[in-house]
Amino acid sequence: VRMIFIFIGPRSIGKSTAGKVLSKKLKIEYFDFDAYVEKELKGIDEHIEKNGVESYRVEEEKILKQFVSELPERCVISVGGGTIASQFKSLNEININILKSLGNIIYLSPSENKEEATKILFEREQKRNGNKKYSEIIKLFELRKPIYEKLFDLKIEVKNKSPSEIVDILLIKEATK
C-alpha cells in the first residue's frame, strides 16, 4: 500500500525535523527535496547567482519529476516553500499536481494569528542561524500562505509544539480518517 507524507510550509517551521521524526516512528525512509535539489544543482544559491531565479525554478521542476520517479512506495518528504509557491505560477501548478498525486500533503502552519505566526517564523529563522530578515519572512509567508492553505490534506498549527507532538497529532488524525 502506497503511503507518502509530504510536509509543506514556510521556511524554518520544522518540516525536515518533523519529517525525520515521522519516518523514524513509521520505520520508513525520509527525503528532503531541498537537499536533493542542492546536490543535483551543486548549490542552489550559486545556480541562482549564475543563472537567475527563473532558471532555478525550471530546473527544480525537472528535478522534482526525477526525484518522484525514484521514491519508494512508503516514505516521508519535506518540500521547500518555493517549490509550490514561487512567483512562477505555471511551474507551481506542475509541481503541485505532481505532489498532490503522490500522497498526503501536511501543512505545518505557524499559527492562525498573523502576529504570532511571523514572530514564530522569525525566532525559528534566528535559531537556525538563517539569513532572512524579519520583513522578508513576513513578505514570503504572506505571499505563500494562500497557496499552502489551498492544497493541504492536513493542517497542523505548530505554535510551540515539539516535532514529536506534531507527529503524534498527525498520526492520530491519520488513524481517525
Side-chain angles (χ1 to χ4, degrees), residues 5-22 30-64 67 76-96 98-99 105-152 154-167 170:
F5 295 97
I6 304 142
F7 283 98
I8 65 166
R11 178 182 163 101
S12 302
I13 197 62
K15 300 177 295 286
S16 301
T17 311
K20 288 172 190 166
V21 171
L22 179 61
Y30 166 75
F31 300 93
D32 182 329
F33 181 62
D34 279 356
Y36 186 87
V37 172
E38 181 83 36
K39 200 178 87 208
E40 288 295 307
L41 292 179
K42 295 167 183 57
I44 292 172
D45 293 339
E46 295 82 352
H47 182 91
I48 291 172
E49 226 167 85
K50 205 167 115 190
N51 309 291
V53 174
E54 188 167 5
S55 162
Y56 164 66
R57 293 297 177 198
V58 168
E59 286 306 309
E60 180 188 50
E61 183 255 327
K62 291 178 195 159
I63 293 167
L64 181 62
F67 172 76
V76 179
I77 307 164
S78 62
V79 178
T83 305
I84 53 169
S86 75
Q87 66 267 51
F88 306 104
K89 304 231 182 309
S90 61
L91 291 173
N92 292 347
E93 287 305 312
I94 294 168
N95 293 345
I96 287 168
I98 291 170
L99 294 171
I105 297 184
I106 295 104
Y107 167 37
L108 297 184
S109 165
S111 168
E112 287 304 313
N113 176 297
K114 188 178 156 186
E115 287 72 37
E116 187 180 26
T118 49
K119 185 174 171 265
I120 289 166
L121 292 175
F122 187 65
E123 284 169 1
R124 286 168 171 259
E125 178 72 12
Q126 287 182 310
K127 224 183 258 173
R128 77 186 294 210
N129 297 319
N131 58 359
K132 296 272 187 252
K133 292 196 256 340
Y134 188 73
S135 59
E136 207 176 333
I137 290 167
I138 292 171
K139 192 177 134 202
L140 263 184
F141 181 57
E142 286 181 355
L143 277 173
R144 293 175 173 176
K145 186 179 183 226
I147 297 168
Y148 300 146
E149 291 286 346
K150 269 199 316 223
L151 83 122
F152 68 82
L154 173 63
K155 176 179 177 179
I156 299 173
E157 205 176 354
V158 172
K159 288 194 174 184
N160 54 5
K161 294 177 185 79
S162 72
S164 296
E165 289 172 307
I166 291 166
V167 167
L170 165 65

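Being a predicted model, the structure only gives us computed values, none of them experimental.
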For residues [X] and [Y], determine if any side-chain heavy atom of one lies less than 4.5 Å from a side-chain heavy atom of the other.
X: L64; Y: V79; result: no
X: L151; Y: I8; result: yes
X: K132; Y: L121; result: no

(request) Run the numbers on I63 and L41 for side chain to side chain contact (heavy atoms under 4.5 Å, CB included), then give the verdict. (result) CA-CA 9 Å; I63 293 167; L41 292 179; 3.8 Å; yes
(request) Sequence neighbours left out, what passes side chain to side chain contact (heavy atoms under 4.5 Å, CB included) with T17? Give chain and number order. (result)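 For T17 the side chain to side chain contact (heavy atoms under 4.5 Å, CB included) partners, ignoring immediate neighbours, are P163.
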Any chance you could measure [X], atom [atom1], to [Y], atom [atom2], to the nearest 0.5 Å?
X: L143; Y: S86; atom1: CG; atom2: OG; value: 10.5 Å
X: I84; Y: I96; atom1: CD1; atom2: CD1; value: 6.0 Å
X: K15; Y: L22; atom1: NZ; atom2: CG; value: 15.0 Å
X: I44; Y: E59; atom1: CD1; atom2: CD; value: 12.0 Å
X: L170; Y: I106; atom1: CG; atom2: CD1; value: 5.0 Å
X: I77; Y: D34; atom1: CD1; atom2: CG; value: 12.0 Å

Nearest non-hydrogen partners of [X] and [Y], listed with the distance:
X: G19; Y: Y30; result: C-CD1, 3.5 Å
X: E60; Y: G82; result: OE1-O, 4.2 Å
X: A18; Y: I166; result: CB-CG2, 4.3 Å
X: A85; Y: R144; result: O-NE, 3.2 Å
X: V21; Y: V167; result: CG1-CG2, 3.7 Å

(request) Ignoring hydrogens and angles, state whether a donor on the side chain of D32 or S16 is under 3.5 Å from an acceptor on the partner side chain. (result)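 Yes, a side-chain donor-acceptor pair sits under 3.5 Å.
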(message) Can you pull out every salt bridge (Lys or Arg N to Asp or Glu O under 4.0 Å) where at least one residue sits in residues 36-49? Sequence neighbours excluded, please.
(response)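 Output for this query is empty, none listed.
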(request) Could you name each residue pair satisfying salt bridge (Lys or Arg N to Asp or Glu O under 4.0 Å) that touches residues 107-119, not counting sequence neighbours? (result)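 Found E112-K155, K114-E142, E116-K159, K119-E123.
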(request) Determine which pairs satisfy ring-ring contact (aromatic ring centres under 6.0 Å, His included) with at least one residue from residues 35-62, sequence neighbours left out, and list them in order. (result)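 Non-adjacent pairs meeting ring-ring contact (aromatic ring centres under 6.0 Å, His included): Y36-F67.
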(request) For the residue pair Y134 and F122, categorise the inter-ring angle as parallel (less than 30°), tilted (30 to 60°) or perpendicular (more than 60°). (result)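 It falls in the perpendicular class, over 60°.
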(message) Could you walk me through whether F88 and V58 satisfy the side chain to side chain contact (heavy atoms under 4.5 Å, CB included) test, starting with their C-alpha distance in whole Å, then the side-chain angles of each, then the deciding distance to 0.1 Å, before giving a yes or no?
(response) CA-CA 9 Å; F88 306 104; V58 168; over 6 Å; no
(request) Evaluate the salt bridge (charged side-chain N to carboxylate O under 4.0 Å, His left out) criterion for residues E136 and K139: first the C-alpha distance (whole Å), next the side-chain angles of each, then the deciding distance (0.1 Å), finally the verdict. (result) CA-CA 5 Å; E136 207 176 333; K139 192 177 134 202; over 6 Å; no
(request) Might you confirm whether atom CD of Q87 has over 12 heavy atoms from other residues, nucleotides or ligands at distances under 6.0 Å? (result)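 More than 12 heavy atoms, drawn from other residues, nucleotides or ligands, come within 6.0 Å of this atom.
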(message) Run the side chain to side chain contact (heavy atoms under 4.5 Å, CB included) test on V158 and I120 for me, step by step, so that the C-alpha distance in whole Å, both residues' side-chain angles and the decisive distance to 0.1 Å come before the verdict.
(response) CA-CA 9 Å; V158 172; I120 289 166; 5.6 Å; no
(request) Let me know which of F7, Y148, F5 forms a ring-ring contact (aromatic ring centres under 6.0 Å, His included) with Y107. (result)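 Only one of F7, Y148, F5 forms a ring-ring contact (aromatic ring centres under 6.0 Å, His included) with Y107, namely Y148.
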(request) Please identify each residue that fulfils side-chain hydrogen bond (donor to acceptor under 3.5 Å, both in side chains) with E61, with sequence neighbours left out. (result)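 With sequence neighbours excluded, E61 shows a side-chain hydrogen bond (donor to acceptor under 3.5 Å, both in side chains) to K65, given in chain and number order.
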(request) Could you tell me whether the side chain of E157 and the main chain of P110 form a donor-acceptor pair under 3.5 Å? (result)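 Not at all, since once roles are kept as given, no pair shorter than 3.5 Å links the two residues.
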(request) Kindly write out the residues that satisfy salt bridge (charged side-chain N to carboxylate O under 4.0 Å, His left out) with R124, not counting sequence neighbours, or none if the list is empty. (result)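 Checked R124 against salt bridge (charged side-chain N to carboxylate O under 4.0 Å, His left out); zero matches.
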